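Okay, so here's the structure we're looking at.
Naming: A, B, ... by sequence-line order, numbering from 1 per chain. Because the structure is predicted, anything quoted here is derived from the model rather than measured.
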Amino acid sequence: MKCPDKELLSAFFDNEVPSPYREVLEDHIRTCDHCSSVIHKYAKMHEQLLDLQRNEIVPEVNKGVLEFCEKKLKTMPATPHFHITWPVLAAAAAFMLFIGIGLSVLLFTNRTNEIMVEVKPATTVSEYSLSEVVDYLSKQQNSRTIEIPGQLSIETSIQPTIVREADFNRSGK
Amino acid sequence: MQSILRKVCFVLCISFSTLAFTQNADEQVFDLPPVDAQISENLYSELFVVFIRTTLQHPNGEDPWQRHDIHYTLNNTQLSLNFINNDAMAIQISVTPQKRTKDSLLILVSWQLWFSTQNNSVKYMNSANFFTIKPGERIIFYPFGSQKGHQPIVIEILVDTYEHAHEQGGIKVRKLF
């Protein structure tokens, strides 16, 4: 038979192994030097622990410990008593609520970054006039036209900007 | 104790109602136009409302010119909008919305811009951007830049699902400026 592990031997020593396994282990330990030495060690350890419990504390030492504890108790500052009132609790709850709302707003508005494409500078197109462009656009199907009135003065060095509302508000424009 | 609690509740109620009132004061509601007859009612779950508000700002501080338009488009279907000023410029913006989750949309905004210069030549630019937005959120486009004094046109594009817009009784838009 293969030697049982230490956990099983410890359980055997503590009388925790039920029959018929107990009898099988007894037979093995009787014939196995290694296992019987382990059991012997457990027995020795057990004996030492029992001795430790039986020894009485020397009265002088006991007295000294008591005096030390009394002194310590006298010199220790009194534990402050916190009395939590309802308004304090309500204020704490409100504070936690605001922190929670703030955090959730921050988390939900921090969406994936948009794919922002760099806009190339304007190219001069000499092949056609603006009226031809307008004519071409107005003839396109499935498109809606919005007329913008007045005379516009357009800067030549323009830089078109397109932004999501959330980012527009964040930038404070 | 009870009187303190009552006071705390009163202060909180006043603060929340003031906040709600100021939020509502900045908000405009635009009625939805009838849906195009060629769009079947079975497709309303796929339908998007595109609200466009165009603002022309005057550099000398006059009241800005403003108009709004509401159009419909289907999921993954492009809607093209032409903004035309015969003398100076033409802009084409194409908006393609796509429903991702209940609370998020992906929209592709592509634009083309033509404008005439003082020596009568025509300049051309184009670009495209993807945005992940919440239903009812806006994209703000400054075709001529956003720096103060150089922003004659501001185009706000709000995309919402038809169902959401219909439920809330129209398109709710907050003031931009």
Side-chain angles (χ1 to χ4, degrees), chain A residues 85-87 89-91 94 97 108-109 111-138 140-169 171 173, chain B residues 1 4-5 8 12 52 54 56 58-59 65 67 69 71 78-90 92 94 104 109 111 113-118 120-134 137-147 150 152-153 156 158 176:
Chain A
T85 55
W86 277 107
L89 266 180
L97 185 73
F108 283 105
T109 51
R111 282 167 285 171
T112 50
N113 288 331
E114 260 61 58
I115 304 159
M116 297 305 285
V117 181
E118 198 178 321
V119 182
K120 285 182 186 169
T123 312
T124 306
V125 281
S126 52
E127 294 82 24
Y128 39 76
S129 66
L130 193 66
S131 57
E132 283 174 301
V133 173
V134 170
D135 193 42
Y136 158 74
L137 289 176
S138 52
Q140 278 192 344
Q141 285 192 329
N142 292 329
S143 66
R144 316 288 196 281
T145 298
I146 295 160
E147 294 274 352
I148 294 176
Q151 285 204 325
L152 302 179
S153 56
I154 292 166
E155 291 289 316
T156 47
S157 58
I158 60 165
Q159 207 172 12
T161 308
I162 189 160
V163 67
R164 204 181 56 193
E165 183 179 2
D167 298 329
F168 177 87
N169 292 335
S171 66
K173 281 183 183 170
Chain B
M1 172 73 81
I4 293 169
L5 273 175
V8 169
L12 282 174
I52 309 109
T54 317
L56 180 63
H58 296 290
W65 171 88
R67 69 170 272 177
D69 300 85
H71 298 292
Q78 177 178 296
L79 172 74
S80 288
L81 306 153
N82 301 327
F83 301 82
I84 288 168
N85 176 276
N86 282 311
D87 299 319
M89 59 106 215
Q92 186 176 64
S94 299
S104 78
V109 183
W111 54 266
L113 169 63
W114 295 262
F115 61 97
S116 58
T117 57
Q118 285 182 339
N120 284 330
S121 65
V122 175
K123 290 212 170 207
Y124 174 73
M125 297 174 97
N126 73 7
S127 191
N129 294 90
F130 290 98
F131 294 96
T132 307
I133 59 164
K134 288 187 237 169
E137 196 180 346
R138 276 174 293 183
I139 297 297
I140 297 143
F141 182 42
Y142 292 98
F144 303 108
S146 62
Q147 287 190 333
H150 297 286
I153 300 173
E156 298 162 66
L158 182 150
L176 194 63

Report which part of [X] has an atom under 4.5 Å of a heavy atom belonging to chain B: side chain, backbone, both, or neither.
{"X": "A:Thr123", "answer": "both"}
{"X": "A:Pro121", "answer": "backbone"}
{"X": "A:Val134", "answer": "both"}

With a 4.5 angstrom heavy-atom cut-off, which part of [X] approaches chain A: side chain, backbone, both or neither?
{"X": "B:Trp114", "answer": "both"}
{"X": "B:Leu158", "answer": "neither"}
{"X": "B:Asn86", "answer": "both"}

When rounded to the nearest 0.5 angstrom, what distance separates [atom1] in [X] from [atom2] in [Y]?
{"X": "A:Arg144", "Y": "B:Leu79", "atom1": "CZ", "atom2": "CG", "value": "5.5 Å"}
{"X": "A:Thr161", "Y": "B:Ile140", "atom1": "OG1", "atom2": "CD1", "value": "11.5 Å"}
{"X": "B:Ile52", "Y": "B:Leu81", "atom1": "CD1", "atom2": "CG", "value": "4.5 Å"}

(request) Consider only side-chain N and O atoms of A:Tyr136 and A:Glu132, and report whether a donor and an acceptor are under 3.5 Å apart. (result)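 No, because no side-chain N or O of A:Tyr136 sits under 3.5 Å from a partner of the opposite role on A:Glu132.
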(request) Taking all heavy atoms of A:Ile148 and all of B:Thr54, pick out the closest pair and write down the distance. (result) CD1-CG2, 4.0 Å
